[in-house]
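Worksheet: one structure, shown below.
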Amino acid sequence: MTSVAPMRIGLLGTGNVARALAHGWRAAGHDVLLGSRRPEERTALGLPVAGLDETAAHAEVLVNATPGGVSVELLRSIGAPALAGTLLIDVGVGLSDDFSALTHPNSSLGELIQEAFPLTPVVKTLCTMDSTTMTTPGELTEPGTVFLSGDDAEAKRTTGRLLTDLGWPESSQLDIGGISTARGQEHFAFLFMGIAGGVGSHTFNIKVVTRPSADAGHK
C-alpha cells in the first residue's frame with residue numbers, strides 16, 4: 001500500500017538505479033515509466049519504456065537517474081517548459097569515467113539542475129548508497145539514514161512519502177536543508193567507495209547517530 005495516492009513516476013534512465021527504483025515503486029502501487037533516448041533498444045527490461053519527452057509528459061514526479069555528467073544536457077533536451085512545476089528527484093552523481101574525480105567538484109548536480117530549471121522543484125536523495133540498498137533498506141541490519149536536500153518544503157514532503165513506499169521509515173529520513181546541501185551528499189561518493197572496499201560489498205548504508213538529549217531537542 002502506498003503512503004500517498006498512486007502517482008505517475010517517470011524515471012529518466014534505464015540503468016540499475018532506474019530499474020531498481022521503478023520496480024520498488026511499482027510494487028508499492030505507483031505507475032512507473034522509464035525514459036530513454038533510444039526506447040526501441042530497451043524493450044526487454046520488463047518495465048514500460050518510452051522516449052524522454054513522453055516520459056516527462058506522463059509524469060507527476062520525475063526521477064533523474066542518468067549519469068551525472070550528462071544530466072543537465074539531457075534535461076535541457078526535454079526543455080524547461082515541460083519540466084516546470086514537476087517535482088524532480090535527483091539521485092545522480094557526476095563521476096569521471098575512471099571514478100577518480102567528480103564532474104562538479106565545486107558544486108553539485110542537484111544545485112546545477114535547480115539553477116538551470118528554477119520552476120522545477122528539485123530534491124536530492126538516495127545518492128549515498130548503491131541501488132541494491134535504495135529499495136531494500138529492510139534487508140540490512142537496520143535501514144540507516146537517507147538524506148533529503150531541497151529548497152521546496154512540499155517537494156521534500158512528497159519525496160519523503162515516496163521514500164516510505166520504498167521501505168524507508170520516517171525515522172530514517174533526514175532533511176539536511178536546501179539544495180546547496182546536495183553537495184555533501186554527492187561528495188560522499190569517495191567515502192562510499194572506500195567503505196565498499198573496506199567491507200567488501202556495495203550493499204550497506206550509513207547512519208547518523210546523536211546523543212539522546214540531542215534527539216529529544218529535535219522532537
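- Nearest heavy-atom pair across T103 and S96 is CG2-N, 4.2 Å.
- Looking at Q114, its side chain does come within 3.5 Å of a backbone N or O of F117 through a donor-acceptor pair.
- In this structure, V70 stands alone, with no Ile, Leu, Val, Met, Phe, Trp or Tyr side-chain heavy atom under 4.5 Å from its own, directly or through other members.
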Practice task
For the pair L174 and L148, evaluate side chain to side chain contact (heavy atoms under 4.5 Å, CB included) and give the outcome as yes or no after the intermediate values.
Solution key: CA-CA 6 Å; L174 183 60; L148 296 93; 5.9 Å; no

Table please: side-chain donor-acceptor pairs of residues 76-88 below 3.5 Å, with sequence neighbours left out.
unit_1, atom_1, unit_2, atom_2, d
S77, OG, L74, O, 2.5

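- Taken together through direct or relayed side-chain contacts under 4.5 Å among Ile, Leu, Val, Met, Phe, Trp and Tyr, V61 and L126 form part of one hydrophobic cluster.
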Distance-only donor-acceptor hits, side chain of residues 7-17, under 3.5 Å, sequence neighbours excluded:
unit_1, atom_1, unit_2, atom_2, d
R8, NE, H58, O, 2.7
T14, OG1, R42, NE, 3.2
N16, OD1, R19, NH2, 2.8

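- Looking only at distances, no side-chain donor or acceptor of D165 sits under 3.5 Å from a matching main-chain atom of W25.
- The two residues P48 and R26 make their nearest non-hydrogen contact at CD-NH1, 4.0 Å.
- I176 is not connected to V91 by any chain of hydrophobic side-chain contacts under 4.5 Å among Ile, Leu, Val, Met, Phe, Trp and Tyr, and they are in different clusters.
- In terms of heavy atoms, V93 sits closest to C127 at CG2-CB, 3.8 Å.
- Taking all atoms of both residues into account, the shortest heavy-atom contact from F204 to M129 is O-CB, 4.4 Å.
- Sorted by first then second residue, the side chain to side chain donor-acceptor pair (under 3.5 Å) pairs that include residues 192-204, not counting sequence neighbours, are T132-T203.
- For S171, the side chain to side chain contact (heavy atoms under 4.5 Å, CB included) partners are P169, not counting sequence neighbours.
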Pair up each side-chain donor or acceptor in residues 181-194 with any protein partner under 3.5 Å, not counting sequence neighbours, and list the distances.
unit_1, atom_1, unit_2, atom_2, d
T181, OG1, S149, OG, 2.7
T181, OG1, G178, O, 2.7
R183, NE, E111, OE1, 3.0
R183, NH1, N106, O, 3.1
R183, NH2, E111, OE1, 3.1
R183, NH2, E111, OE2, 2.9
Q185, NE2, K124, O, 3.2
Q185, NE2, S149, OG, 2.9
E186, OE1, L109, N, 2.8
E186, OE2, L109, N, 3.0
E186, OE2, G110, N, 3.0
E186, OE2, K124, NZ, 2.8
H187, NE2, S107, O, 3.3

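- To the nearest 0.5 Å, atoms OG (S108) and CG (L102) are separated by 10.0 Å.
- Side-chain polar atoms of N64 and S71 form a donor-acceptor pair below 3.5 angstrom.
- Linking ILVMFWY side-chain heavy atoms closer than 4.5 Å, directly or via other members, places L162 and L62 in two distinct hydrophobic clusters.
- Put simply, the side chain of D130 never gets that close to the backbone of T133: no donor and acceptor are under 3.5 Å apart.
- Taking both residues in full, the closest heavy atoms of A116 and V72 are given as CB-CG1, 4.4 Å, listed atom of the first, atom of the second, then distance.
- Looking only at distances, a side-chain donor or acceptor of S172 sits under 3.5 Å from a matching main-chain atom of G144.
- Taking CG of D90 as the reference point, atom OG1 of T66 lies at 8.0 Å (rounded to 0.5 Å).
- Cluster annotation: L33 and L52 are assigned to distinct hydrophobic clusters (Ile/Leu/Val/Met/Phe/Trp/Tyr, side-chain heavy-atom contacts under 4.5 Å, transitive).
- Cluster membership for V32 and V49, using ILVMFWY side-chain heavy atoms within less than 4.5 angstrom, is shared.
- Residue-environment remark: CD (E154) exceeds the threshold of 12 foreign heavy atoms within 6.0 Å.
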Exercise for the section: For the pair T164 and Q173, evaluate side-chain hydrogen bond (donor to acceptor under 3.5 Å, both in side chains) and give the outcome as yes or no after the intermediate values. Expected result: CA-CA 9 Å; T164 300; Q173 300 176 26; 3.2 Å; yes

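- Taking the side chain as every heavy atom from C-beta outward, F147 and T125 never approach each other to under 4.5 Å.
- Of the possible polar contacts, none joining the K207 side chain to the T145 backbone as a donor-acceptor pair under 3.5 Å is found.
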Practice task
Could you please spell out the steps behind the side chain to side chain contact (heavy atoms under 4.5 Å, CB included) verdict for T136 and L166?
Solution key: CA-CA 7 Å; T136 57; L166 293 177; over 6 Å; no

